[in-house]
Amino acid sequence: MQILKPDTEEQVVEAIRDAKAPLSVEGQGTKQGFGHPVEVDTVLRLAGLSGVTMYEPDEMVFTAKAGTPLAEIEGVLAEKGQCLGFEPGEIGKLWNEGGSGGTIGGTVAAAIAGPRRFAAGAARDHLLGFTAVNGRGERFKAGGRVVKNVTGYDLPKLAAGSFGTLFAITEVTLRALPRAQAATVLALEGKEPAAALRILRAVAASPFEPSGLIHLATGGTPRTLIRLEGHSEGVAARAAELSKTIAKDARRLEADEGARLFRAAADLHTLFDPETTLWRASVPPARAHDMTTRVQPVAWFADAAGGILWLAFRNASDPAALHAAARDLGGHATLVRKGPAQTDDVFPPLDTATLALTSRVKAAFDPARRLNPGRMYKDV
Amino acid sequence: MRMPDLDPSVLARRAALIDALRRLVPDGVVAEDDALVAYDSDALTAYRQKPLAVVLPRSADEVSAVLRFCSSNNVKIVPRGAGTSLSGGALPLGDGVLLGLSRMNKILDVDLENRCAVVQPGVTNLGITRAVEANGFYYAPDPSSQIACTIGGNVAENSGGIHCLKYGLTTNNLLGVELALLDGTRVRFGGKALDAGGLDLLGLVTGSEGLLGVVTEVTVRLRPKPPSAKALLVAFPSIEAAGQCVADVIAEGIVPAAMEIMDRFAVDAVEAYCAPGYPREAAAILIAELDGMEVEVEGAAREVERIARANGALACEGSASDADRERIWLGRKAAFAAAGRIAPDMLCMDGTIPRRALPRVLTRIGEMSKEFGLPVANVFHAGDGNLHPLIMFDVMKDGDLDRAEKFGAAILTLCVEVGGVLTGEHGVGVEKRDLMPLMFSEIDLAQQQAVKCAFDPQSLLNPGKVFPSLSACVEGGAMHVHQGRLPFANLPRL
């Protein structure tokens with residue numbers, strides 16, 4: 001296995017332009033377990049492209065090279081009282097316990113987001129612009145550095161969640177958000193799943209502006225958590241109102257405990273037994289309970305008031321059944337951490353027309369299929 | 001504005017094509033010369049062109065049938081919602097079918113449990129909110145044309161509005177679309193779930209200006225209506241002070257639902273038009289709206305007032321009731337109409353800039369107004385740096401349109417120079433098409449056009465919009481650049 005470690009964008013251009021065979025594109029490689037293995041002899045590792053190149057706290061925007069560690073970004077932003085609004089966790093540790101936390105480019109390319117995604121949007125909603133090298137070895141840019149921008153196609157949306165299959169991202173420009181002045185987590189304990197999810201949906205439909213709505217059924221007493229963030233006065237008022245109405249007898253968690261639980265929900269790896277197979281399902285929130293009942297995970301946690309489900313199984317589980325269940329309920333499922341030698345569909349199966357279109361979009365960026373071929377879909 | 005060359009073989013077959021379209025969409029084809037006049041422009045009225053024919057389908061199946069027919073007969077298609085585009089996105093082509101979606105105006109499903117609504121593309125933006133407001137919900141993006149503009153058009157243009165500072169653009173409020181491709185096939189991206197599987201094609205087609213497909217169904221996210229809202233009307237001695245106040249509010253972590261600035265010229269215009277009672281002594285006014293729970297709204301309003309005073313505010317007035325809040329907004333919402341009363345014609349620019357460049361850019365726009373000899377009123381979504389300079393001119397005066405367009409191009413050039421973009425919410429359309437090279441290199445544009453080829457290999461969907469050159473798609477989805485030159489290389493680049 002040959003590993004190319006470019007330090008500059010120019011070297012990325014050369015590596016791809018001169019490639020004689022397909023490349024596996026990665027940052028630090030922490031999430032290589034996510035998606036189908038790319039069977040190639042050469043790895044293009046972008047971790048050497050590292051560093052925050054622009055950060056304007058008053059504009060709440062920064063640019064970083066794709067290989068910059070996620071933890072470094074969080075540190076730089078925290079110094080100015082800011083954070084990434086979509087709350088990505090270090091989910092690479094799902095596959096490599098004790099490993100590193102991954103890069104900002106990998107975070108974007110795998111569309112990682114934590115519980116605040118419910119209120120603030122996903123990686124796609126925070127990526128303002130990027131620079132990348134396509135499969136023809138051409139450097140190009142898309143988007144910009146301002147939030148409101150409709151100039152040209154919205155390629156940043158496409159970049160988020162493309163798993164390196166279209167282009168090698170070399171630099172990203174993202175929004176930063178001010179850290180909330182105050183946060184309160186309300187907890188309900190021991191609720192039955194259906195009741196817990198009903199409460200979370202009621203909070204989601206309320207005007208109390210929750211920034212995290214999760215139900216943890218991952219071992220021990222199930223916990224239903226409602227996070228409120230903002231200015232202290234408002235958070236206190238919203239918490240008081242919620243405790244009187246939708247979330248009666250909710251307990252207010254100590255600040256540290258609330259933060260720890262939400263951090264765990266973003267990082268994921270501490271929530272699930274490393275031996276389990278892990279799926280992520282995205283379903284209409286009101287169908288979340290149907291989904292868990294139908295597929296019977298050993299442990300699970302519902303994010304976004306049930307809109308996103310993380311489902312753990314003791315055995316390999318039946319991928320076709322998982323995909324079918326999610327589809328029947330109006331959503332889709334992705335196999336995040338697979339069992340050994342499992343080769344079934346990881347990403348949601350696409351209908352013929354969408355698969356054909358996906359292949360054509362791939363070809364628009366990478367006609368010779370040099371970049372992560374097959375990582376998402378077999379012939380894409 | 002040069003548009004793609006007319007296809008003589010299409011013009012020669014006009015009668016036969018119209019007959020065939022009438023069989024596909026009975027009672028839904030407009031082809032009489034005088035009737036076509038009604039469709040000859042969108043809200044960018046400086047450009048006019050009658051289409052070959054207008055087709056008004058009633059169902060997604062009819063949309064597919066029309067697309068399939070046009071594809072096999074090599075006829076261009078321009079999709080259109082309500083025709084409110086300010087960038088000429090729905091400007092017809094003389095040899096193209098104008099595909100109007102306004103008859104597909106049914107709300108198919110209101111699903112409050114999943115906080116979403118499924119609607120046909122011709123439903124108006126405001127129509128969605130009207131259908132759910134009794135239940136305490138609304139659809140957040142609110143372009144100023146929301147009473148007329150359609151959700152299908154909003155998806156195509158990724159429309160914004162006053163409240164996108166807090167709630168995002170169309171793209172941040174969509175859950176799914178059904179899209180008819182050029183060959184008539186319909187695909188679904190997303191649905192009622194929070195995200196779609198596979199590549200984010202939903203994100204890609206949103207804002208693609210009708211170049212990739214025709215939206216036949218939309219699933220939008222609904223939000224609970226905030227229990228209270230308050231507007232602050234603040235007067236500033238200078239536009240710079242108003243701009244600094246906006247930057248300071250945001251830096252403190254306060255997220256108002258909206259923050260709008262108007263300069264004195266705009267204030268005078270709206271006072272003459274509808275007398276909302278804005279302070280006349282101010283060089284600029286700021287309208288900030290805060291929404292949420294009452295205690296929070298009041299707290300944030302006090303904070304904004306404190307920051308405004310620290311920036312030298314002359315006066316700060318908070319709305320005492322919903323009626324009062326509407327009064328404060330009245331002038332801002334009437335700004336375009338008011339400016340329209342002062343001058344016979346108007347160009348509304350739409351660049352977005354980093355907030356801190358506001359003072360510099362506004363000063364320069366003032367200087368350029370003198371240089372070009374054309375008045376300009378400034379209204380803008382200050383919270384997100386989205387400018388709307390209104391350039392006033394008289395199309396009947398020799399050279400005025402040309403000067404206005406050059407002035408507009410100079411403003412947008414400046415926006416790009418300070419790190420901004422050509423368009424924040426109105427779209428590129430035909431208006432800013434030839435300015436695209438200011439922001440993007442040839443490779444950047446060729447890459448975007450390769451995406452176009454992936455969806456529309458025949459280049460029949462809304463050609464002549466967005467890209468300064470027409471591409472011929474070649475095998476593998478790439479764009480063909482003839483002899484190393486862009487096909488429109490002889491066009492002047494502004």
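As a basis for the values below, the full set of heavy atoms in this structure was taken, side chains included, without hydrogen atoms, waters or symmetry mates. Letters A, B, ... are given to chains in the order of the sequence lines, protein chains preceding strands, and every chain is numbered from 1.
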Specify the closest pair of heavy atoms between [X] and [Y], including all atoms of both residues, with the distance to one decimal.
X      : Y      : answer
A/V150 : B/V428 : O-CG2, 4.2 Å
B/K225 : A/P207 : O-CB, 3.9 Å
B/Q447 : A/F365 : NE2-CD2, 3.1 Å
B/L194 : A/S282 : N-OG, 3.6 Å
A/R360 : B/L181 : NH2-CD1, 4.5 Å
A/M60  : B/R355 : CE-NH2, 4.0 Å

B/D456 meets the side chain to side chain contact (heavy atoms under 4.5 Å, CB included) criterion, sequence neighbours left out, with B/L182, B/K452, B/Q458, B/L460, B/L461
Applying side chain to side chain contact (heavy atoms under 4.5 Å, CB included) to A/T354 and not counting sequence neighbours gives A/L350, A/D351, A/T358, B/V187, B/F189, B/L201
Could you check whether any side-chain heavy atom of [X] comes within less than 4.5 Å of a side-chain heavy atom of [Y], counting everything from C-beta outward?
X      : Y      : answer
B/L204 : A/L155 : yes
A/V361 : B/F455 : yes
B/L199 : A/L166 : yes
A/E56  : B/R356 : yes

Part of [X] lying under 4.5 Å from any heavy atom of chain A:
X      : result
B/H381 : side chain
B/N386 : side chain
B/R115 : side chain
B/E209 : side chain
B/L222 : neither
B/M439 : both
B/K432 : neither
B/S159 : neither
B/C164 : side chain

Using a 4.5 angstrom heavy-atom cutoff, name the option from [options] with the most pairs to chain B.
options                        : value
A/R238, A/R139, A/Q181         : A/R238
A/D125, A/L357, A/D58          : A/L357
A/V235, A/L329, A/V283, A/V147 : A/V283
A/F167, A/F347, A/Y153         : A/Y153
A/A205, A/A142, A/A180         : A/A205
A/S206, A/A304, A/P349         : A/S206

Please classify the contact of [X] with chain B as side chain, backbone, both or neither, using a heavy-atom distance under 4.5 Å.
X      : value
A/E209 : side chain
A/Y377 : side chain
A/A111 : neither
A/P348 : side chain

Top of [options] for chain A proximity - count of heavy-atom pairs under 4.5 angstrom:
options                        : answer
B/G136, B/G190, B/G198, B/P226 : B/G198
B/N172, B/T185, B/V466         : B/N172
B/D195, B/N158, B/L169         : B/D195
B/G176, B/G160, B/G203         : B/G203
B/A247, B/A300, B/A251, B/S208 : B/S208
B/P227, B/G299, B/S441         : B/P227

query: Is the backbone of B/T423 close enough, under 3.5 Å, to the side chain of A/T151 for a donor and an acceptor to pair up by distance?
result: yes
- Query: For the side chain of B/T352 and the backbone of A/K148, is there at least one donor-acceptor N/O pair under 3.5 Å apart?
  - Reply: yes
Looking at B/K166, I want to see if its NZ is surrounded by more than 12 non-hydrogen atoms of other residues, nucleotides or ligands under 6.0 Å.
yes
